[in-house]
Amino acid sequence: MALSPESMPEKPFDFRAPPPSPIASGRRSCATNEDVLSEFLEHSLRVPDLVLPDKVFPRQNFIENPPKIDFQLLSSMESDSLSKILDSIARIGCFQLVNYGIEGECIRSALAAAAGIFQLPPEKRRAVTRSPPEKLYGFEEDHGEKEEEGEGKVSEEFVWCRGAGLKLEMEAIWPVGYSNFSEKMESLLCDIEKVAEKILMAIRQNLPPKTDYENDMKQGQGGIGSGCYLYKHSRNMSAEKCSGSLRYDVIRMLIRGFDYSHALCLHVCDGSSEFHVYSKKGWVSFCPDKDAMVITVGDQTQALSGGQFKHVIGRPIYKGEEEDCISMAFLYSPPSTTNTTKVDPQKGKNTISLSQQAIAAIVLTLVYHILVFVYNKF
């Protein structure tokens, strides 16, 4: 039966496919985009070489020996002489101390016992390796320094402190020797603390009345009592290796400094060829006098003086020695600071390490890229 024209729909359905979308003339092919992405990743992931310009690296300056102070005359010293000491720690952050009343046999005995620390094999040292900020005592972490034939490392480092944690770990790897070493160090440290206490008292007496800086110091600036950095200086080092080690020490000192906050540092370094003083403003060196102890200013004393006295880091240098040498750097904090802060050296400081910061950065980057991908996909 045929449909009448009136029953027919006004317009038939149009089943034609829609026209193709226009292609932009500047659009690249997939292969081209992949090449561009690969090139971008290759350049982005390339780690640049770190080159320190000579103008930025601090230049070493030799200076006249800083003034000496007779410890026995400290309380009766004339104001002119004491002003020279105060001027020295304000300019270069250190001075020399003689006739300090500690028996030479006590120092030599502690140095001889300390030599045994550095004779422990590497596998035992790893059990007592420092890992700031979690653990501030023990051996310095090995950074892969290569030893040339006939030569050892330029210097090695061990941090000793009072604490049950260090005692337990060291007695586990060196049961007989550590007990003797710790006993001699404890005896020497008691004498060192008496000397440091009298020096700090003289410095305080020549400062203005109590300031906000002193109040901050008493409220706690990270002081954790007294500790000692022991250094072994290897014999017969080549000039090239010594120079490279010095530059490494400068960078390390300026970036990291000491893990211990302290008021004074007393350096036992008799027989050293030079003494280097590092600060953020310069690098100076001098030849210390025989039988003199070098005293450097710590961060707590700088705060106590309102920035008048310069916080520096010192390091003795031994050149041309036929035998290995040991030096000690005793870090002293006044009892008022240590009793108020109550910081345990075994627990370290509440800071975030560089490795933890790097992991956090990687995780955040991955999360960001995932969120961008999901947003573009949906």
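Each residue takes its place number in the sequence, starting with 1.
Applying the side-chain contact (heavy atoms from CB on, under 4.5 Å) test to A114 and every residue at least two apart in sequence or in another chain returns F181, L230, I326, M328. Listed by chain and residue number, nothing satisfies the side-chain contact (heavy atoms from CB on, under 4.5 Å) test with E183 (two or more places apart in sequence, or in another chain).
Once rounded to the nearest 0.5 Å, the distance linking CD1 of I192 with CG of L266 reads 5.5 Å. For the atom pair Q308 CD and N206 CG, the distance stands at 9.5 Å (nearest 0.5 Å). To the nearest 0.5 Å, atoms CD1 (I295) and CG (L200) are separated by 11.5 Å. For the atom pair OH of Y229 and SG of C161, the computed distance is 10.0 Å after rounding to the nearest 0.5 Å. Atom SG of C325 and atom CD of E323 lie 7.5 Å apart (nearest 0.5 Å). In this structure, I313 CD1 and Y278 OH are separated by 9.5 Å, a value rounded to the nearest 0.5 Å.
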Determine whether Y178 and I173 satisfy the following criterion, side chain to side chain contact (heavy atoms under 4.5 Å, CB included), listing intermediate values before the conclusion.
CA-CA 9 Å; Y178 183 75; I173 64 173; over 6 Å; no
Let's go through F139 and I117 carefully: what are the C-alpha distance in whole Å and the side-chain angles of both, what is the deciding distance for side chain to side chain contact (heavy atoms under 4.5 Å, CB included) to 0.1 Å, and is it a yes or a no?
CA-CA 9 Å; F139 293 96; I117 287 281; 3.6 Å; yes
What verdict does the salt bridge (charged side-chain N to carboxylate O under 4.0 Å, His left out) test give for R108 and E105, after you've listed the backbone C-alpha separation in whole Å, the side-chain angles of each residue and the deciding distance to 0.1 Å?
CA-CA 5 Å; R108 288 190 293 270; E105 180 59 30; 3.5 Å; yes
Full working for side chain to side chain contact (heavy atoms under 4.5 Å, CB included) between Y318 and Y231:
CA-CA 11 Å; Y318 293 80; Y231 302 98; over 6 Å; no
Go through it in stages, so that I can follow the logic: the residues are L97 and V195, the test is side chain to side chain contact (heavy atoms under 4.5 Å, CB included), and I'd like the CA-CA distance, side-chain angles, deciding distance and then a yes or no.
CA-CA 10 Å; L97 187 71; V195 173; 3.5 Å; yes
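Proximity of E274 to H276: side-chain heavy atoms (C-beta onward) are separated by under 4.5 Å at one or more points. Counting heavy atoms from C-beta on, the side chains of I317 and S273 never come closer than 4.5 Å. With contacts defined as side-chain heavy-atom distances shorter than 4.5 Å, the pair Q96/I69 does not qualify. Counting only heavy atoms from C-beta outward, the side chains of W283 and N61 never approach each other to under 4.5 Å. Considering only heavy atoms from C-beta on, I89 comes within 4.5 Å of F95 through its side chain. Between F330 and L264, every side-chain heavy-atom pair lies at or beyond the 4.5 Å cut-off. Looking at heavy atoms from C-beta onward, F275 lies out of side-chain contact with S285 at the 4.5 angstrom threshold. In this structure, the side chains of D191 and C106 come closer than 4.5 Å at one or more pairs of heavy atoms.
Crowding of K198 atom NZ: a count of heavy atoms from other residues, nucleotides or ligands under 6.0 Å exceeding 12.
Looking at D324 and S234, their side chains never bring a donor and an acceptor atom within 3.5 Å of each other. There is no side-chain donor-acceptor pair under 3.5 Å between E171 and S179. H267 and S327 are not linked by any side-chain donor-acceptor pair at a separation below 3.5 angstrom, with hydrogens and angles left out of the test. Using a 3.5 Å distance cut-off with no hydrogens or angles, the side chains of Y100 and Q72 do not pair a donor with an acceptor. Residues S279 and H311 bring no donor and acceptor atom of their side chains to less than 3.5 Å of each other.
A salt bridge links K135 and E169; the closest N-O separation between the charged side-chain nitrogens and carboxylate oxygens is under 4.0 Å. Checked for salt-bridge contact, E157 and R130 meet the test: a charged N lies under 4.0 Å from a carboxylate O. Using a cutoff of 4.0 Å between basic side-chain nitrogens and carboxylate oxygens, R162 and E193 are scored as salt-bridged.
The two residues V294 and C269 come nearest to each other via the heavy atoms CG2-SG, 4.3 Å. The nearest pair of heavy atoms linking P334 to A263 is CD-CB, 3.8 Å. Across all their heavy atoms, K310 and V297 have their closest contact at O-CB, 3.2 Å. Among all heavy-atom pairs drawn from S305 and F309, the shortest one is OG-N, 3.0 Å. The two atoms that bring A113 and W174 nearest to each other are O-CH2, 3.9 Å, heavy atoms only. Shortest non-hydrogen contact noted between G93 and V312 is O-CG2, 3.3 Å.
When the side chains of ILVMFWY residues are joined at heavy-atom separations under 4.5 Å, either directly or via intervening members, M201 and I203 end up in two distinct hydrophobic clusters.
The backbone N or O of H262 sits less than 3.5 Å from a side-chain atom of D299, completing a donor-acceptor pair. Side-chain atoms of N65 never come within 3.5 Å of backbone atoms of P288 as a donor-acceptor pair (strictly under, hydrogens ignored).
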Give the table of side-chain donor-acceptor pairs shorter than 3.5 Å for residues 118-127, with sequence neighbours excluded, one pair per line with atom names and distance.
unit_1 : atom_1 : unit_2 : atom_2 : d
R125   : NE     : L120   : O      : 3.0
R125   : NH1    : E156   : OE1    : 2.6
R125   : NH2    : F118   : O      : 2.4
R125   : NH2    : E156   : OE1    : 3.1

